[in-house]
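All remarks here apply to the structure that follows.
Below, chain A is the first sequence line, B the second, and so on; all start at residue 1.
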Number of protein chains: 2
Amino acid sequence: MPDAGMNVERPVAAIPLKVERQQLHDTVVGHLRRLIIEGVLEPGKKLNERELCETLGISRTPLREALKVLAAEGLVEISPNRGASIASMSETEIREAFEFMSGLEAFAGELACERISAEELAEIKSLHASMLTCKAQNDLPGYYQRNQAIHDLINQAARNATLRQTYVSLNWRIQALRFHSNHHVYKWDRAVHDHEEMIEALEARDGKRLSNILRHHLLEKRDAVLSMLQANTLKL
Amino acid sequence: MPDAGMNVERPVAAIPLKVERQQLHDTVVGHLRRLIIEGVLEPGKKLNERELCETLGISRTPLREALKVLAAEGLVEISPNRGASIASMSETEIREAFEFMSGLEAFAGELACERISAEELAEIKSLHASMLTCKAQNDLPGYYQRNQAIHDLINQAARNATLRQTYVSLNWRIQALRFHSNHHVYKWDRAVHDHEEMIEALEARDGKRLSNILRHHLLEKRDAVLSMLQANTLKL
DNA sequence: TTTTTGTTTTTTGAATGCAAAATACAATAT
DNA sequence: ATATTGTATTTTGCATTCAAAAAACAAAAA
């Protein structure tokens, strides 16, 4: 007889009932992922197990488990008997990653048009306004964060957990690039214009249009990142 | 000075130079994946580590590493301190998986139209013919295998490794369903007709059209699997 | 000097061991 | 009898250990 006479539920709002527990290896996955995305651990860098263990203050077992997971995600590469290293993407891989992302976002946009709620749409509009403020103040990190949040919200509005999982995972790999391509400032106005069109399409629930905008938006981002990366390479 | 005077390369054809080595945990991942996809390990089944170790003839360390990887893939679920079990999909998850797959295949089809080679197209046609033979002989496994191969070839023709990786991984999860939905015999003629249209579109390099066909093809498959599953559930 | 071969050191792969948590079970109280 | 608390057993999480492979280094030969 569950729930009978249980008047202790949801004391105030939607506080999740059970305590969140994490296994050490999960914590390590998150931690390492962050270090990779933030560019602390650079692409190609060899990961010495003993060394990393000491740094993180854990033993080899959970670290190795974490590395296997990150390898499955594509952030880390493991060669047998030779250890792990941070994955580095070739130009081709970068092209493909962005191409795939353009497909993912286009599809998510189409679904979002059918399923987005009024609240979510309002949230996106608000984020867009906030993004414009950041732009006016030349606040690049702020701009970037809002931009990311908008794309993320559209993706969530697609209401497809599997699609979302793939999106998030691919996004990590793409973000890992960001810190090695100089926080691309490129075609700022064009990007803002794209976003305005995106919102229009969303409001009109015009899936095909949103889909097209997102597709091209991402392909432009790809080109920007690629040219940044090439410029960087030349500098070295 | 590498390669100097090395006349021992490629004795006959394209034999890969270096010996393929596998780590134990990788072997185990593949092995378990197969067991899950083939339905030997049923959804929801609890995996006892000690037990599995004895069955597979390995120790717990590589097994646990393998389980983490499979969990990242979504074939296995791990709850902290409580062990692993074969993932089972809810109806919603199944809907979403197929919906996502429809998006993936549609996008892959569009790319494939731009990039497929004449040889690949011929291969697909040949597979289609072979599939028809299987149909005529009521060879369901054979039919299914060719069908799978055609979709796989289209996906490969998209020439995008990241997209392909996601496709393959999602396919595993979908295939794991197959053995619990009675090898759906559903709408056989309609499926064949779809395939003929797909080939037409590919030949015409009509990306949009192929994309649409694949999208609907997958959504029909979704409905077939869902109704099969519901029929199965009722039987129990 | 350069290349090759043999040896030492380091690093990784996998098994085992120990502690903590969960489950199963039994005993007591209601 | 049912519910609850306490105890024993099992199972999991993580650290450690041991063996195998790779890398680094040194010695010998060309």
Interatomic distance where [atom1] belongs to [X] and [atom2] belongs to [N] [whole Å]:
X: B/Arg60; N: D/dA15; atom1: CZ; atom2: P; answer: 14 Å
X: B/Leu63; N: D/dT11; atom1: CG; atom2: P; answer: 14 Å
X: B/Gln22; N: D/dA21; atom1: CD; atom2: P; answer: 16 Å
X: B/Leu56; N: C/dA14; atom1: CG; atom2: C1'; answer: 15 Å
X: A/Glu54; N: C/dT11; atom1: CD; atom2: C1'; answer: 13 Å
X: A/Arg50; N: C/dT12; atom1: CZ; atom2: C1'; answer: 10 Å

| message | Counting distance alone, no hydrogens or angles: does the base of C/dA14 have a donor or acceptor under 3.5 Å from a partner atom on the side chain of B/Ser59? | response |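 No pair found.
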| Between D/dA23 and A/Lys46, is there an OP1 or OP2 to side-chain N/O distance shorter than 4.0 Å? |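 No, no such contact exists.
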| Phosphate contact (C/dA22 OP1 or OP2) by A/Arg21 side-chain N/O below 4.0 Å |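 Yes, within the criterion.
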| request: Using side chain to side chain contact (heavy atoms under 4.5 Å, CB included) as the criterion, list what pairs up with A/Asp26, not counting sequence neighbours. | output: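 Partners of A/Asp26 under the side chain to side chain contact (heavy atoms under 4.5 Å, CB included) test: A/Gln22, A/Gln23.
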| said: Checking contacts here: which listed nucleotide (D/dT11, C/dT12, D/dC14) is nearest the side-chain heavy atoms of B/Asn48? | reply: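 Ranking D/dT11, C/dT12, D/dC14 by closest atom to the B/Asn48 side chain puts D/dT11 first.
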| Would you find a donor on one side and an acceptor on the other, under 3.5 Å apart, between the side chain of B/Glu120 and the backbone of B/Ser117? |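 Checked: pair present.
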| task | Output yes when a side-chain donor or acceptor of A/Glu65 lies under 3.5 Å from a complementary backbone atom of A/Pro62, and no otherwise. | result |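 Checked: no pair found.
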| Contacting residues from residues 77-85 of chain A, given that a heavy atom lies under 4.0 angstrom of DNA chain D |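 Only A/Asn81, A/Arg82 qualify.
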| query | For atom CZ of A/Arg115, is the number of surrounding heavy atoms from other residues, nucleotides or ligands below 6.0 Å larger than 12? | reply |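 Yes - once you tally the heavy atoms of other residues, nucleotides and ligands closer than 6.0 Å, there are more than 12.
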